[in-house]
Amino acid sequence: MADVPGVIALWFWFSRRHGMQARGSSGASMIELYEQQVAETRRMNGYLERVALSLEKHEPPRGS
């Protein structure tokens with residue numbers, strides 16, 4: 001009988017080694033997709049900060 005823990009360890013090592021290089025349906029690697037997501041999140045945060053600053057400028061003073 002095969003050494004089951006050894007086969008599992010080999011499969012785990014192989015999947016971890018090649019997992020981040022796997023290609024999605026768009027052809028981009030997992031790392032590229034992650035980097036695109038980070039860039040999009042940063043861009044959206046910038047927009048939200050601008051909206052918040054704009055709202056603060058146009059907000060009437062409190063207590064008046």
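This structure is a prediction, so every number in the text was calculated from the model and none was measured. Just so you know, these numbers use all the heavy atoms, side chains as well, and skip hydrogens, waters and symmetry mates.
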- Residue pair Val51 / Tyr47, side-chain heavy-atom distance below 4.5 Å: no
- Does any N or O in the side chain of Ser54 come within less than 3.5 Å of the main-chain N or O of Arg50, such that one atom is a donor and the other an acceptor? no
- Item | Test item: Glu35 side-chain N/O and Glu32 main-chain N/O as donor-acceptor pair under 3.5 Å | no
- Message: Return the CG to CG distance between Leu48 and Leu53, rounded to the nearest 0.5 Å.
- Response: 11.0 Å
- Note on the structure: Taken to the nearest 0.5 Å, the spacing of Asn45 CG from Glu40 CD works out to 10.0 Å
- Heavy atoms of other groups near Arg42 CZ, more than 12 under 6.0 Å: no
